Amino acid sequence: MNLYAATSNPGKLAEFATSASTSGIDVLALPNLAQIPEPIEDADTFLGNATLKAIAYSLHAPNDLVFADDSGLEVPALNNAPGVRSARFADDMAFEPNSPLTKDQRNNRCLLHLLAQLPNPSRTARFVCSLALARNGKILLTAEGETPGELLTAPRGNDGFGYDPLFLVPHLGLTLAELSREQKWQISHRGNAFRNLLAQLKTHRF
């Protein structure tokens, strides 16, 4: 079985493909993704955004199984921000707009800046991922997963992407950016959601 991922993020593709390789499922990048107009992600939940993306992209791959994800970081001390705006957090906050740093670096700095404004904030956080699987514009399955953790005061680690360098997995004493791809996939929100989706696929015929 082939599943087409509606993402051009190489890190996500590698993680999905690694997990599916033992399930007899091939995860492939959706062909011509760069030429397909991006749907507007205006839902207020991760599942809402994953659903609208899966529907939109599946219409460009007739009869194929297409899945999309939406994921991000929730920080209770910041009223669960960045949330669905995780990838655009620094831009939304107009934080260091002219900085030469990458988007990920600006997002991390923005997060630390906001936490520093709070008196003794809890640094509890969680990564959340929602997946939606569609065919010909119809949602067939959805799945969700999360990973609890804590935020450091400075980034650690050179692997991963997004907020991974700030996100400490307490029982390991390591950030997501310090884990190997295999270690990260075993505990990540995206891995948990995708394993949920794969388990559902075993009991459905499409």
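Basis for what follows: all heavy atoms, side chains included, without hydrogens, waters or symmetry-related copies. Bear in mind the structure is a predicted one, so any value in this text is a computation, not a measurement.
Under the 3.5 Å distance criterion, the side-chain polar atoms of N107 are matched with a main-chain donor or acceptor of A90. Using modelled atom types, one side-chain atom of R135 and one backbone atom of N63 make a donor-acceptor pair closer than 3.5 Å. In this structure a side-chain-to-backbone donor-acceptor pair under 3.5 Å is present from N108 to D104. Between the side chain of D26 and the backbone N or O of N2 there is no donor-acceptor pair closer than 3.5 Å. The closest donor-acceptor contact from the side chain of N9 to the backbone of K12 lies under 3.5 Å. Using a distance-only test at 3.5 Å, with no hydrogens or angles considered, a donor-acceptor pair links the side chain of N49 to the main chain of A43.
By the neighbour-count criterion of 12 heavy atoms within 6.0 Å, atom CD1 of I40 is sparsely surrounded, having that number or fewer from other residues, nucleotides or ligands.
Linking Ile, Leu, Val, Met, Phe, Trp and Tyr residues whenever their side-chain heavy atoms come within less than 4.5 Å places L197 and V27 in a single cluster. In the hydrophobic clustering of this structure, F16 groups with M1; members are Ile, Leu, Val, Met, Phe, Trp, Tyr whose side-chain heavy atoms approach within less than 4.5 Å, directly or through other members. In this structure, V75 is a member of the same hydrophobic cluster as M93, with clusters built from ILVMFWY side-chain heavy atoms closer than 4.5 Å. Follow the hydrophobic side-chain contacts under 4.5 Å out from L168 and you never reach W185; the two are in separate clusters.
Taking R123 as the reference, L112, L115, P121, L151, T153 meet the side chain to side chain contact (heavy atoms under 4.5 Å, CB included) condition, with sequence neighbours excluded. Residues passing the salt bridge (Lys or Arg N to Asp or Glu O under 4.0 Å) test with E144: none are found, sequence neighbours excluded. Every side-chain hydrogen bond (donor to acceptor under 3.5 Å, both in side chains) that E96 has, sequence neighbours left out, goes to R109. For D92, the salt bridge (Lys or Arg N to Asp or Glu O under 4.0 Å) test picks out R85, with sequence neighbours left out. For T203, the side chain to side chain contact (heavy atoms under 4.5 Å, CB included) test picks out no residue, with sequence neighbours left out. Partners of E41 under the salt bridge (Lys or Arg N to Asp or Glu O under 4.0 Å) rule, at least two apart in sequence or in another chain, are K53, R88. Partners of R106 under the salt bridge (Lys or Arg N to Asp or Glu O under 4.0 Å) rule, at least two apart in sequence or in another chain, are D91.
In the hydrophobic clustering, where aliphatic and aromatic side chains (Ile, Leu, Val, Met, Phe, Trp, Tyr) are joined below 4.5 Å either directly or transitively, F161 stands alone. By the 4.5 Å side-chain criterion applied to Ile, Leu, Val, Met, Phe, Trp and Tyr, Y4 is assigned to a cluster that also includes L28, L30, L33, I36, Y57, V66. In the hydrophobic clustering, where aliphatic and aromatic side chains (Ile, Leu, Val, Met, Phe, Trp, Tyr) are joined below 4.5 Å either directly or transitively, V84 groups with F46, V128. Other members of the cluster containing L13 do not exist, because no ILVMFWY side chain is joined to it at under 4.5 Å.
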Legend entry - side chain to side chain contact (heavy atoms under 4.5 Å, CB included) between E178 and L172, intermediate numbers included: CA-CA 10 Å; E178 293 176 304; L172 296 178; over 6 Å; no

Inset, instruction - Using the side chain to side chain contact (heavy atoms under 4.5 Å, CB included) rule, take L179 and D159 through it: C-alpha gap first, then chi angles, then the decisive distance, then the call. - result: CA-CA 7 Å; L179 301 179; D159 293 325; over 6 Å; no

Inset, instruction - List the steps, then state whether side chain to side chain contact (heavy atoms under 4.5 Å, CB included) holds for V169 with L174. - result: CA-CA 6 Å; V169 182; L174 299 170; 5.9 Å; no

Legend entry - Stepwise side chain to side chain contact (heavy atoms under 4.5 Å, CB included) test for L133 and L3: CA-CA 9 Å; L133 179 74; L3 295 184; 4.1 Å; yes

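Residue pairs meeting the ring pair (Phe, Tyr, Trp, His ring centres under 6.0 Å) criterion with at least one member in residues 84-143, sequence neighbours excluded, are F95-H113, F127-F167, F127-H189.
In this structure the side chain of D70 never reaches within 4.5 angstrom of the side chain of T45, judged on heavy atoms. For the pair L131 and N196, the minimum side-chain heavy-atom distance is 4.5 Å or more.
Rounding to the nearest 0.5 angstrom, the gap separating the CG atom in D69 from the CG atom in L47 is 11.5 Å. Distance check: L198 CG to I25 CD1 gives 5.0 Å after rounding to the nearest 0.5 Å. Annotation: the span from I139 atom CD1 to T51 atom OG1 amounts to 4.5 Å, rounded to 0.5 Å. The distance from the OH atom of Y163 to the OG atom of S71 is 11.0 Å, given to the nearest 0.5 Å. Here the straight-line distance linking atom CG of L73 with atom CZ of R126 works out to 9.5 Å at 0.5 Å rounding. The distance from the CZ atom of R195 to the OG atom of S188 is 6.5 Å, given to the nearest 0.5 Å.
Closest approach of A134 and A54 over heavy atoms only: CB-O, 3.6 Å.
Between D164 and K184 there is a salt bridge, with a side-chain nitrogen of the basic residue lying less than 4.0 Å from a carboxylate oxygen of the acidic one.
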